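Below, read A as the first sequence line, B as the second, and so on, with proteins coming before strands; counting in each chain starts at 1. Being a predicted model, the structure only gives us computed values, none of them experimental.
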Amino acid sequence: MQVNRENLWSDWRHYPGWKPDYPSFKETLDGGQAFCWFQVSENSYEGIVVNIPLRLKWESPHHILWSSPQNIAATADTFLKSYLGEEASYQKYYDNLPWRSDQHLNRCMKQFPKLRILNQPFEETLLGFLCSATKQIVQIKEMLKLLRQRFGQSVATDFARLPTWHELTQVSEQALRDCKFGFRAANIIKSAAVIEQSPDLFKNLSSLSYSETKKILCTLPGVGEKVADCVTLFGCGKLDAFPVDTWITKAMKHHYRLEDWKSPQIAHFGRKHFGNFAGLAQQFLFAWERNQSGK
DNA sequence: TTCCAGGAAGTCG
DNA sequence: CGACTTCATGGA
């Protein structure tokens with residue numbers, strides 16, 4: 001019943017650490033960093049991050065609200081501060097990007113002035129981007145939704161978490177294919193086995209550099225340069241990573257004159273040109289490029 | 001229909 | 001090395 005479902009949720013609370021315009025709000029949650037957010041009304045999204053169901057609502061300029069199940073509101077509050085980040089940090093990040101000398105970046109930043117990089121849990125970020133090869137964002141979200149429903153532990157009414165990597169060792173390749181994973185299914189099964197047999201594989205990732213983290217990730221089947229860059233950026237907080245996908249390749253070709261450059265060279269250029277927060281610049285370019293083609 | 005989507009890995013020359 | 005193939009699925 002809807003009544004029961006609504007009783008699950010706490011009252012809306014103000015989140016003071018982020019005051020986005022609506023395009024920045026929408027792009028941050030549903031622009032392809034995370035695959036767990038679904039729009040449920042004009043201005044609001046619902047999702048579950050690990051085992052925390054959440055609602056986020058954009059109210060008016062400079063004002064967002066959040067809600068969680070009542071019994072975990074304190075946990076959710078603490079979690080959100082990490083997940084969404086704080087204003088002071090982003091002022092520093094934005095200021096460090098070369099928008100003063102880069103006209104195109106400047107234009108992208110004006111379109112999504114409060115865009116952020118979500119601080120996502122590592123293991124589900126890895127899973128998400130292992131699903132991402134030649135898939136549209138909406139399709140990745142659908143694949144993972146099926147996976148939650150069929151193999152994830154139920155947390156609340158209509159909310160199941162993603163299976164853990166350990167739980168995935170008990171899932172068959174065919175079962176993943178039945179969730180529309182296609183050729184990605186085998187990579188996930190194999191990676192789950194590697195992770196199961198290497199309990200210390202992801203130990204201390206937060207203390208490692210971008211390139212050290214990436215090297216470890218690339219040992220997993222199905223993880224190459226681009227997926228590793230996304231996981232280090234979105235799931236490990238390595239803001240100097242610069243993932244190069246088809247959209248970024250187009251952007252760099254058209255706006256930076258990198259005709260016929262291959263992905264590794266584009267990534268190298270991006271890291272040099274945009275600096276210590278190249279990954280944030282990458283998100284601005286990515287968002288602009290995708291929203292441009294959609295007109 | 002054709003092209004393309006937040007690619008990786010194997011093969012061939 | 002670099003270029004080309006294959007792998008699934010479905011949106012636009």
Which pair of heavy atoms, one from A:V244 and one from A:K226, lies closest together, and at what distance? O-CG, 3.3 Å
A:D178 CG to C:dA8 C1', in whole Å, measures 13 Å
Please list each protein N or O that sits under 3.5 Å from an N or O in nucleotides 10-13 of chain B, with the distance.
none

Are the ring of A:F286 and the six-membered base ring of B:dG6 within the stacking cut-offs of under 5.5 Å and under 30°? yes
In this structure, which stretches of DNA chain B are paired as stems of three or more consecutive Watson-Crick or G-U pairs, both distances less than 3.5 Å? B:2-5 with C:9-12, B:7-13 with C:1-7
Using a heavy-atom cut-off of under 4.0 Å over every strand shown, decide if A:T134 touches base, sugar-phosphate, or nothing. base
I want to verify a distance call: between B:dG6, B:dA5, C:dA8, whose nearest atom is closest to the A:K250 side chain? B:dA5
Distance, rounded to the nearest Å, where A:F242 contributes CZ and B:dG6 contributes C1': 13 Å
What about the rings of A:F159 and A:W9, do their centers lie closer together than 6.0 Å? yes
A:Y83 and A:Q120, any side-chain heavy atoms less than 4.5 Å apart: yes
When rounded to the nearest 0.5 angstrom, what distance separates CZ in A:R177 from CD1 in A:I189? 10.0 Å
For A:G32, which contact category applies under a 4.0 Å heavy-atom criterion: base, sugar-phosphate, or nothing? base
Using a 4.0 Å heavy-atom cut-off across all strands, classify A:F234 as base, sugar-phosphate, or nothing. base
May I ask you to decide whether A:D95 forms a salt bridge with A:R100, counting only side-chain N to carboxylate O separations under 4.0 Å? yes
Remember a base hit wins even if backbone is also touched, and classify A:Q283 as base, sugar-phosphate or nothing at under 4.0 Å, heavy atoms. base
Stacked cation flag A:K135 on A:F35, 6.0 angstrom / 45 deg: no
Pull out every protein N or O sitting under 3.5 Å from an N or O of nucleotides 3-5 of chain C, one pair per line with the distance.
none

Rounded to whole Å, how long is the line connecting atom CZ of A:R290 with atom P of C:dG11? 15 Å
Atom-to-atom span, CD of A:E225 to P of B:dA9 - whole angstrom: 10 Å
When rounded to the nearest 0.5 angstrom, what is the spacing between CG in A:N119 and NZ in A:K81? 14.5 Å
Could you check whether A:Q33 gets within reach of a base, just the sugar-phosphate, or nothing at all, counting any heavy atom under 4.0 Å? base
Let me check something: do A:W247 and A:F274 share a hydrophobic cluster, defined by ILVMFWY side-chain heavy atoms less than 4.5 Å apart, either directly or through other members? yes
Please report, rounded to the nearest Å, how far the P atom of B:dG6 is from the CD atom of A:E142. 14 Å
Suppose you measure atom P in C:dA8 against the same atom in B:dT11; what distance do you get, rounded to whole Å? 16 Å
Whether A:E87 and A:R116 form a salt bridge (side-chain N of Lys/Arg under 4.0 Å from carboxylate O of Asp/Glu) is what I want to check. yes
Any base atoms under 4.0 Å from A:K180, or only sugar-phosphate, or nothing? Heavy atoms, all strands. sugar-phosphate
Say whether A:L233 and A:L115 are linked into one hydrophobic cluster, either directly or through other cluster members, by side-chain heavy-atom distances under 4.5 angstrom. yes
I'd like to check A:F129 versus A:F234 (side-chain heavy atoms, cut-off strictly below 4.5 Å). Are they in contact? yes
Counting C-beta onward and ignoring hydrogens, is there a side-chain heavy-atom pair between A:Q174 and A:D178 closer than 4.5 Å? yes
Across the strands shown, which category fits A:V223 at heavy-atom distances under 4.0 angstrom: base, sugar-phosphate, nothing? sugar-phosphate
Tell me the interatomic distance from A:L130, atom CG, to B:dA8, atom P, rounded to whole angstroms. 10 Å
Starting from C1' on B:dA9, measure out to CG on A:N187 and report it in whole angstrom. 9 Å
When you check the phosphate oxygens OP1 and OP2 of B:dG6, does a side-chain N or O of A:T246 lie under 4.0 Å from one of them? no
Looking at B:dG6, C:dG11, C:dA8, which one has an atom nearest to any side-chain atom of A:R184? C:dA8
Base, sugar-phosphate, or nothing for A:L220, non-hydrogen atoms under 4.0 angstrom? sugar-phosphate
Between B:dG6 and C:dC7, how far apart are the two P atoms, rounded to whole Å? 22 Å
What is the separation between atom CH2 on A:W247 and atom C1' on B:dA5, rounded to the nearest whole Å? 8 Å
The residue, A:G222 or A:V138, whose nearest nucleotide of DNA chain B is more 5′ is A:V138
Looking across every strand, which nucleic acid part, if any, lies under 4.0 Å from A:R177 by heavy atom: base, sugar-phosphate, or nothing? sugar-phosphate
Could you tell me the separation between the CD atom of A:E59 and the OG atom of A:S44, rounded to the nearest 0.5 Å? 9.5 Å
